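Notes follow the structure.
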Amino acid sequence: QVQLVESGGGLVQAGGSLRLSCAASGRTFSRYAMGWFRQAPGKEREFVAAISWSGGSTYYYYADSVKGRSTISRDNAKNTVLLQMNCLKPEDTAVYYCAATGMGSGSTYYSSKGSYDYWGQGTQVTVSS
């Protein structure tokens, strides 16, 4: 079992930055790949970013909509995964969710919300124009 708690959301002007944090419980945190998803009102939950590793290498996955503006990272010693978002746009407004999954393979796997077993409650990000 993994419990996830997001923080760091808020109201920011377009062009600003936010850093979202996800704190995970459990001693097996390092076994999980981690992802961020978001859901805007009236829309499906969509993939934002994910981080995994295999064979000593770390892999990063980003949605095209945030690529170049966002960075996902993790600190296994602190059981934390971060999402740094820069150059925010009004269309980034959504509830952002942290999620955990067992190690899979490839962007298709990690970008699919059905691949994730554990979810946080979400944190609201609002970007004003």
Side-chain angles (χ1 to χ4, degrees):
Q1 280 278 4
V2 177
Q3 292 185 324
L4 305 172
V5 179
E6 304 94 335
S7 62
L11 174 63
V12 63
Q13 288 188 333
S17 298
L18 279 176
R19 187 176 74 169
L20 305 184
S21 179
C22 174
S25 64
R27 291 178 291 179
T28 59
F29 174 72
S30 61
R31 298 181 184 177
Y32 292 91
M34 301 298 295
W36 285 94
F37 287 75
R38 67 187 182 186
Q39 188 166 16
K43 294 188 176 182
E44 292 285 323
R45 191 170 298 190
E46 65 176 9
F47 171 72
V48 177
I51 183 169
S52 69
W53 55 83
S54 176
S57 297
T58 301
Y59 299 91
Y60 304 89
Y61 306 90
Y62 296 96
D64 288 343
S65 58
V66 303
K67 195 173 295 182
R69 301 189 294 122
S70 297
T71 302
I72 188 170
S73 60
R74 66 188 293 161
D75 184 336
N76 287 339
K78 297 181 179 179
N79 281 14
T80 300
V81 60
L82 302 174
L83 181 67
Q84 176 69 41
M85 300 189 296
N86 302 319
C87 301
L88 284 162
K89 306 174 182 180
E91 50 264 43
D92 293 318
T93 295
V95 177
Y96 283 70
Y97 298 90
C98 174
T101 179
M103 295 296 176
S105 179
S107 59
T108 300
Y109 178 84
Y110 290 115
S111 65
S112 172
K113 55 184 180 291
S115 299
Y116 292 80
D117 304 303
Y118 303 101
W119 292 85
Q121 293 300 305
T123 185
Q124 176 70 48
V125 171
T126 303
V127 184
S128 63
S129 57

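All values below were derived from every heavy atom in this structure, side-chain atoms included, with hydrogens, water molecules and symmetry-related copies excluded. Just so it is clear, the model here is predicted, and its values are computed rather than measured.
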**OP:** Kindly indicate whether the side chain of Met34, heavy atoms from C-beta on, has any atom under 4.5 Å from the side chain of Leu4.
**Re:** yes
Subject >> Donor-acceptor contact below 3.5 Å, side chain Glu6 vs main chain Gly122 >> reply: yes
Original post:
Same cluster for Leu18 and Val66 if Ile/Leu/Val/Met/Phe/Trp/Tyr side chains link at under 4.5 Å?
Top reply: yes
Original post:
When rounded to the nearest 0.5 angstrom, what distance separates CD in Gln1 from OG1 in Thr28?
Top reply: 10.0 Å
Original post:
Should Leu82 and Val2 be counted in the same cluster of Ile, Leu, Val, Met, Phe, Trp and Tyr side chains packed under 4.5 Å apart?
Top reply: no
Original post:
Does a side-chain heavy-atom distance below 4.5 Å link Val12 with Ser17?
Top reply: no
Original post:
Atom CZ of Arg74 and atom SG of Cys22: how far apart are they, to the nearest 0.5 Å?
Top reply: 9.5 Å
**OP:** Determine the minimum heavy-atom distance between Ser129 and Ala14, stating which atoms define it.
**Re:** CA-CB, 4.3 Å
Subject >> Ser25 and Asn79: CA distance, side-chain angles, deciding distance, side chain to side chain contact (heavy atoms under 4.5 Å, CB included) verdict >> reply: CA-CA 7 Å; Ser25 64; Asn79 281 14; over 6 Å; no
**OP:** Determine yes or no for a side-chain-to-main-chain donor-acceptor pair under 3.5 angstrom, with Thr93 supplying the side chain and Val127 the backbone.
**Re:** yes
Original post:
Mind checking whether Ser21 and Lys78 have side chains closer than 4.5 Å, heavy atoms only?
Top reply: no
Original post:
Between Lys43 and Gln39, what is the shortest heavy-atom contact and its length?
Top reply: O-NE2, 3.1 Å
Original post:
So how far is it from Tyr96 OH to Thr123 OG1, rounded to the nearest 0.5 Å?
Top reply: 10.5 Å
Subject >> Straight-line distance of Ser65 OG to Phe47 CZ, nearest 0.5 Å >> reply: 9.5 Å
**OP:** Carefully, step by step, assess Trp36 and Met85 under the rule side chain to side chain contact (heavy atoms under 4.5 Å, CB included).
**Re:** CA-CA 12 Å; Trp36 285 94; Met85 300 189 296; over 6 Å; no
Original post:
Can you list every side chain to side chain donor-acceptor pair (under 3.5 Å) pair that touches residues 106-121, not counting sequence neighbours?
Top reply: Thr101-Tyr109
Subject >> Smallest separation among heavy atoms of Leu20 and Gly9, with atom names >> reply: CD2-N, 3.6 Å
Original post:
Should Ile72 and Tyr32 be counted in the same cluster of Ile, Leu, Val, Met, Phe, Trp and Tyr side chains packed under 4.5 Å apart?
Top reply: yes
Original post:
Between Asp64 and Lys67, is there a side-chain N and carboxylate O pair less than 4.0 Å apart?
Top reply: yes
Subject >> Test log, rule side chain to side chain contact (heavy atoms under 4.5 Å, CB included), inputs Asp92 and Arg69 >> reply: CA-CA 11 Å; Asp92 293 318; Arg69 301 189 294 122; 2.8 Å; yes
Subject >> Heavy atoms of other groups near Gln3 CD, more than 12 under 6.0 Å >> reply: no
Original post:
Out of curiosity, Gln124 CD to Arg38 CZ, how far, rounded to the nearest 0.5 Å?
Top reply: 12.0 Å
Original post:
Looking only at heavy atoms, what is the nearest atom pair of Trp53 and Thr58, with distance?
Top reply: CB-CA, 3.9 Å
**OP:** Can you see which heavy atom on Asn76 is nearest to which on Phe29, and at what distance?
**Re:** OD1-CE2, 3.4 Å
